[in-house]
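Since this is a predicted model, take the numbers as computed values, not measurements. Hydrogens, waters and symmetry mates play no part in the numbers below; they use all other heavy atoms, side chains included. Below, chains carry the letters A, B, ... as their sequence lines are ordered, and counting in each starts from 1.
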Protein chains: 2
Amino acid sequence: MSADPAPGTPVRAPRGRRAAGVRRPVYDATSLLAVAVGEFNARGYDATSMEDLSRAAGITKSSFYHHVSGKEDLLRAALQRALDGLFAILDERHATVGRPVDRLRYIVRRQVEVLQAELPYVTLLLRLRGNTHTERWALDRRRAFDGVVGDLVREAVDAGQMRADVDPAVAARLLSGTVNSIAEWYRPDRPDGRAQERTALPEDVVRAVFEGFLPRE
Amino acid sequence: MSADPAPGTPVRAPRGRRAAGVRRPVYDATSLLAVAVGEFNARGYDATSMEDLSRAAGITKSSFYHHVSGKEDLLRAALQRALDGLFAILDERHATVGRPVDRLRYIVRRQVEVLQAELPYVTLLLRLRGNTHTERWALDRRRAFDGVVGDLVREAVDAGQMRADVDPAVAARLLSGTVNSIAEWYRPDRPDGRAQERTALPEDVVRAVFEGFLPRE
DNA sequence: GTCTATAATCAGATAGAC
DNA sequence: GTCTATCTGATTATAGAC
């Protein structure tokens with residue numbers, strides 16, 4: 001911030017001064033990624049321009065480019081984070097040992113938890129259309145994850161631990177679809193006193209999916 | 001490419017000749033809508049240009065504009081069709097009389113059937129972000145539909161016809177999410193002999209959602 | 001009804017001053 | 001690190017010939 005403009009300089013407010021009390025955060029690549037992902041999710045990746053992103057960050061497009069290398073790299077970084085979170089589940093102990101149906105139950109619960117914890121990043125992942133190389137890479141990785149879950153469903157059905165009168169392939173799709181659909185409505189920041197809903201949701205999903213919505217008898 | 005126009009074919013200038021045997025269909029607004037919706041779903045609405053649409057139809061952009069008034073009007077027409085299909089369900093007899101849980105079961109089954117029958121149009125509806133006035137209008141209508149279903153879930157829970165240990169609001173979201181997620185994988189044109197899957201799917205969904213994936217005892 | 005040509009605008013990205 | 005100014009190409013849409 002320059003102290004005073006030279007005489008004759010158009011009297012502009014000192015560059016970068018903001019409304020009283022509104023301090024611009026000090027950005028780095030990570031915090032700008034968070035801003036960008038928020039915008040991507042609000043408008044859709046393709047409908048969001050670099051201008052939109054920089055405006056959301058409170059700087060110009062050029063300044064934004066000083067921090068990030070481009071729109072698609074932002075996307076890649078966000079999708080990497082989502083995929084890392086999901087694949088980490090598959091390495092956890094309860095996902096690798098035990099009856100297939102119990103491993104499946106565990107993975108579903110953890111999938112909901114990761115979705116809650118990394119909501120914007122997972123949301124972005126779930127909305128990909130596959131237009132660019134980056135999107136197709138992420139879709140492939142996501143399909144690989146679903147493939148592991150799908151195999152587990154088949155195992156559980158074969159072992160008689162899940163109902164056999166629904167095609168295992170269809171069951172796996174419905175299972176993934178149910179979990180993923182949460183990204184379309186779950187919002188962690190409830191202003192009212194519903195904070196505990198967060199911890200209840202994974203168990204609610206597991207119950208609903210495995211036991212159904214009809215009352216226990 | 002093509003040697004001669006077939007007899008009776010209007011003799012058009014050589015421009016726009018097509019590969020041998022590839023006859024361009026006679027387009028009207030409806031058939032171009034079908035083409036457009038297919039492209040919208042493949043790439044996303046925002047990522048699809050009018051150039052993409054006209055190329056998919058086999059005519060130039062200008063010719064395409066001769067038939068349709070613009071990109072957003074195509075979207076509106078498609079969404080109208082999807083919404084009409086869904087709202088029609090709510091007027092059917094089994095959706096209006098009987099126990100709440102039975103009406104709900106019926107609506108879910110019919111929702112899957114409409115999704116199958118109007119797949120591209122419903123798919124487009126389910127992917128809206130709300131960027132334009134048209135999109136927000138459709139989202140509002142869609143929320144109204146979900147609201148009716150949500151009220152019915154609450155009624156069923158209050159009547160003891162659905163389990164009460166899952167928040168009715170969450171149950172309604174999961175229910176809608178499960179049904180809607182079908183649009184992301186169901187494809188009516190299976191080349192193999194799986195044609196009957198179409199009639200099985202609605203019942204599979206109803207069973208899975210209401211009874212769960214665990215085996216019957 | 002289809003075409004070529006083009007207008008008007010906006011996109012992602014960069015140069016270079018400060 | 002941020003800015004103004006600009007480049008290049010794509011986008012929606014139209015004009016007007018055939």
Side-chain angles (χ1 to χ4, degrees), chain A residues 1-18 22-32 35-36 39-40 43-76 131-135, chain B residues 1-2 5 8-18 22-32 35-36 39-40 43-76 131-135:
Chain A
M1 313 293 176
S2 53
D4 25 356
T9 303
V11 182
R12 278 167 55 262
R15 303 164 184 277
R17 193 174 275 178
R18 323 191 69 72
V22 178
R23 194 82 54 82
R24 181 169 59 228
V26 177
Y27 286 123
D28 57 13
T30 305
S31 57
L32 284 180
V35 170
E39 297 296 301
F40 289 158
R43 260 172 292 209
Y45 175 73
D46 288 296
T48 305
S49 69
M50 293 300 277
E51 180 79 40
D52 293 328
L53 298 185
S54 58
R55 195 182 313 114
I59 56 182
T60 63
K61 206 165 36 151
S62 298
S63 301
F64 196 86
Y65 268 106
H66 179 78
H67 296 282
V68 305
S69 54
K71 194 178 169 183
E72 191 158 3
D73 268 350
L74 282 167
L75 182 64
R76 168 162 33 240
N131 292 330
T132 66
H133 177 263
T134 296
E135 294 186 45
Chain B
M1 295 299 179
S2 64
T9 303
V11 179
R12 280 168 52 264
R15 313 176 177 280
R17 264 218 197 139
R18 322 190 69 71
V22 177
R23 193 83 56 82
R24 181 170 57 229
V26 176
Y27 285 123
D28 56 14
T30 305
S31 57
L32 285 181
V35 170
E39 297 295 302
F40 288 158
R43 258 170 296 207
Y45 175 73
D46 289 295
T48 305
S49 70
M50 293 299 277
E51 179 79 41
D52 292 329
L53 298 185
S54 58
R55 195 183 311 115
I59 57 182
T60 63
K61 206 165 39 151
S62 297
S63 302
F64 197 86
Y65 268 105
H66 178 79
H67 296 282
V68 305
S69 53
K71 194 177 169 183
E72 190 158 2
D73 269 349
L74 283 167
L75 182 63
R76 168 161 35 240
N131 293 330
T132 67
H133 178 262
T134 297
E135 294 185 45

Protein-nucleotide distance (D52(A), atom CG; dA13(C), atom P), rounded to Å: 14 Å
Over all atoms of both residues, closest heavy-atom pair of D46(A) and K71(A): O-NZ, 3.8 Å
Closest-nucleotide ordering on DNA chain D, the 5'-leading residue of K61(A) and H66(A): H66(A)
Closest non-hydrogen atom pair, G70(A) against Y65(A): CA-CE2, 4.2 Å
Donor-acceptor pair (no angle test) under 3.5 Å: S62(B) side chain, dA13(D) base: no
Between P of dT12(D) and OH of Y45(B), the distance in whole Å: 9 Å
Whole angstrom value for the distance that separates P of dT11(D) from CZ of F64(B): 15 Å
Gap between atoms CD1 and P, on I59(B) and dT4(C) respectively (whole Å): 12 Å
Separation of dT14(C) P from H67(A) NE2 (nearest whole Å): 15 Å
Residue S49(A), side-chain atoms from C-beta onward, closest of dT2(C), dC3(D), dA11(C): dA11(C)
Between dA10(D) (C1') and D46(B) (CG): distance, integer Å: 15 Å
Closest to side chain of Y65(B), choosing from dG12(C), dA13(D), dT2(D): dA13(D)
Sugar-phosphate, base or nothing in reach of S54(B), heavy atoms under 4.0 Å: nothing
Distance, rounded to the nearest Å, where R55(B) contributes CZ and dT12(D) contributes C1': 15 Å
Worked check of side chain to side chain contact (heavy atoms under 4.5 Å, CB included) between L74(B) and L53(B): CA-CA 11 Å; L74(B) 283 167; L53(B) 298 185; 3.7 Å; yes
Atom-pair distance (CD on E51(B); P on dG9(D)), nearest Å: 16 Å
Touch class at under 4.0 angstrom, heavy-atom based, for T60(B) against every strand present: base
Closest to side chain of K71(A), choosing from dC3(C), dT12(D), dG12(C): dG12(C)
Minimal non-hydrogen separation, A47(A) against N131(B), with atom names: CB-ND2, 3.5 Å
Sugar-phosphate only, base, or nothing, as touched by T48(B) at under 4.0 Å among non-hydrogen atoms: sugar-phosphate
Rounded distance [0.5 Å steps], CD1 in I59(B) versus NE2 in H67(B): 5.0 Å
